[in-house]
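Structure record follows, encoded as structure tokens.
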There are 2 protein chains.
Amino acid sequence: MEKVPRPVIRRLAVYLRCLSNLEEKGIKVVSSKQLASMLQIKDSQVRKDLSYFGNLGQRGLGYDVKKLSEKIREVLGLYKMWSVIILGAGNIGKALANHKRLEQNNFKIVAVFDSDERKINKQIAPGLKVRNVSELQQFVKEHGVDIAVLAVPASVANDLACELEKAGVKGIVCFAPTTLTCRIPVEYVDITVFFKTLAHSIVNSSYNI
Amino acid sequence: MEKVPRPVIRRLAVYLRCLSNLEEKGIKVVSSKQLASMLQIKDSQVRKDLSYFGNLGQRGLGYDVKKLSEKIREVLGLYKMWSVIILGAGNIGKALANHKRLEQNNFKIVAVFDSDERKINKQIAPGLKVRNVSELQQFVKEHGVDIAVLAVPASVANDLACELEKAGVKGIVCFAPTTLTCRIPVEYVDITVFFKTLAHSIVNSSYNI
């Protein structure tokens, strides 16, 4: 398969959310135009994105919601349950630990860590008690963690990332506003980006493409 | 100015975060290559993105960090403080109400609303008490809110969006996993997208471009 650009992969994840919504409503077929309007992009972009994965649609009929959804899950690697730990039991860590849509999408939070004595051993979400970060290495070795979330201050994020990489974690979702030097894949989440993009849309009234 | 595509606008917001980090470190000039490595994209993409806004760099020298930062802030409409309300005082609402980087980036949370009697009147963040959603319309009229955040269940998100639009709110950041029918600009935030994109990177080891 041709190498798929990152923006396409990101959109695949969004298509998947839209397809799940359609499936829940019992809708079986969707056109590129409908998907485009849900993502606020052009329908030619949808057709181009999906053409990377072979001939998934039927001209004039649209895409089979279930088949397209399965194909995207396969491409994204969602055929297995991913084991996730969260570092940082603050507000962001707590919101993620309680975010039901993560497990529904095959990302299971198996542990939360913090260094703050006041937080350790407290329940942060159903079935999840905050662990001492000193247990991190051993936990990762014993449980084979796939993904770690960094919901910690920027000042400690990079040291933790290096430690996680050494311990064998395969990828990081980083909420700290910094750039990590580790070599495993990292996704940076900066919530302010959504607000800034929206501000631009409002100022330029360029929302409807 | 030529119409700027949405993915470029989104990257501008990310460039801005990187530039702020550089400014904090006292770095005055940055090359397209450095910016590219921070964003994990090609440097040709950085040069193309920034060329929309005139000749901002100097060949062989790179971009002036301060000037580029100011230009991007101007393009994104960050020359003013945006007034933001949050609907939903759950875990996501609480994390946002306490997210210092929003105000640092000119998005000021002025109120949080909920319909749950147990949450109303409780302090959710420094200086912010949860208000009854029944006061929403009047609050928006009196205070001229720019942006509303929907951190509510999908089942009530669209009705609230319509109400907000009528009240004169200019744009919405939507955390609910649904598609809104209102006509004001909406930015959808789906945290699972970051996890799915990361899963793909891990599976395909296609991280380093």
Side-chain angles (χ1 to χ4, degrees), chain A residues 3-4 6-7 9-10 12-14 16-18 21 38 40-41 75-78 82 84 90-92 94-96 98-99 101-102 105-107 146-147 170-173 177-179 183-207 209, chain B residues 3-4 6-7 9-10 12-14 16-18 21 38 40-41 75-78 82 84 90-92 94-96 98-99 101-102 105-107 146-147 170-173 177-179 184-209:
Chain A
K3 178 142 163 30
V4 184
R6 282 173 72 85
I9 296 299
R10 190 174 296 275
L12 285 186
V14 185
L16 190 56
R17 185 193 63 210
C18 295
N21 286 347
M38 285 166 133
Q40 307 156 8
I41 56 177
V75 172
L76 292 177
L78 301 181
W82 293 80
V84 180
N91 287 310
I92 293 176
K94 191 176 179 192
L96 290 170
N98 287 281
H99 196 50
R101 298 192 63 246
L102 281 173
N105 282 277
N106 286 23
F107 299 96
D146 296 310
I147 292 172
K170 294 168 196 153
I172 291 173
V173 177
T178 186
T179 306
R183 271 177 236 164
I184 51 174
V186 181
E187 278 292 311
Y188 294 94
V189 186
D190 179 354
I191 291 298
T192 70
V193 165
F194 297 93
F195 287 79
K196 291 167 189 165
T197 311
L198 182 64
H200 177 266
S201 298
I202 294 173
V203 169
N204 294 276
S205 307
S206 70
Y207 183 68
I209 298 173
Chain B
K3 181 144 160 31
V4 184
R6 281 173 73 85
I9 295 299
R10 189 174 298 275
L12 285 186
V14 185
L16 190 56
R17 185 193 63 211
C18 295
N21 287 346
M38 285 167 129
Q40 307 156 6
I41 57 178
V75 172
L76 292 177
L78 301 182
W82 293 79
V84 180
N91 287 310
I92 294 176
K94 191 176 178 191
L96 291 169
N98 287 281
H99 196 50
R101 297 192 63 248
L102 280 173
N105 281 276
N106 286 24
F107 298 96
D146 296 310
I147 293 172
K170 293 169 198 155
I172 291 174
V173 177
T178 186
T179 306
I184 51 174
V186 181
E187 278 293 311
Y188 295 94
V189 186
D190 179 354
I191 291 299
T192 72
V193 165
F194 296 94
F195 287 80
K196 290 168 190 167
T197 311
L198 181 64
H200 177 265
S201 298
I202 295 172
V203 169
N204 294 275
S205 307
S206 70
Y207 183 66
N208 294 304
I209 297 174

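Only this structure's heavy atoms are used, side chains among them; waters, hydrogens and symmetry mates stay out. Throughout, a chain's letter reflects where its sequence line sits, starting with A, and its residues are numbered from 1.
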* **Between Thr192(A), Asn21(A), Leu12(A), the one whose heavy-atom pairs under 4.5 Å with chain B are most numerous** => Thr192(A)

* Structure fact -> So, the part of Ile147(B) with a heavy atom under 4.5 Å from chain A: the answer is side chain

* If you tally heavy-atom pairs under 4.5 Å against chain A, which of Thr179(B), Leu76(B), Leu16(B) wins? -> Leu76(B)

* **Heavy-atom proximity to chain A below 4.5 Å, by part of Ile92(B)** => both

* **Reference residue Pro185(B); test side chain to side chain contact (heavy atoms under 4.5 Å, CB included); the match among Ile202(A), Asn204(A), Val203(A)** => Ile202(A)

* To do: Give the ring-plane orientation class for Phe107(B) versus Phe195(A), where under 30° counts as parallel, over 60° as perpendicular and anything between as tilted.
  => tilted

* Largest heavy-atom contact set with chain B, pairs under 4.5 Å, which of Arg101(A), Lys94(A), His99(A) -> Arg101(A)

* **Rounded distance [0.5 Å steps], CG in Leu78(B) versus NZ in Lys196(A)** => 7.0 Å

* To do: Starting at CD of Gln40(B), measure out to CD of Glu187(A) and round the result to the nearest 0.5 Å.
  => 7.0 Å

* What pair of heavy atoms forms the shortest contact from Asn91(A) to Asn98(B), and how long is it? -> ND2-CB, 3.4 Å

* **Least distance between heavy atoms, Tyr188(B) atom then Phe194(A) atom** => O-CE2, 3.6 Å

* With the side chain counted from C-beta on, respond yes when Val14(A) and Asp190(B) share a heavy-atom pair under 4.5 Å apart, and no when they do not. => no

* Answer with side chain, backbone, both or neither: which region of Ile172(B) has an atom nearer than 4.5 Å to a non-hydrogen atom of chain A? => backbone

* **chain B contacts, top residue of Leu96(A), Leu102(A), Val84(A) (heavy-atom pairs, under 4.5 Å)** => Leu102(A)

* Euclidean distance, Ile191(A) CD1 relative to Ile191(B) CD1, rounded to 0.5 Å -> 4.0 Å

* **Selection from Ala199(A), Ala95(A), Gly171(A), Pro7(A) maximising heavy-atom pairs under 4.5 Å formed with chain B** => Ala199(A)

* Return the minimal non-hydrogen interatomic distance between Val186(A) and Leu198(B), and the atom names on each side. => N-CD1, 4.1 Å

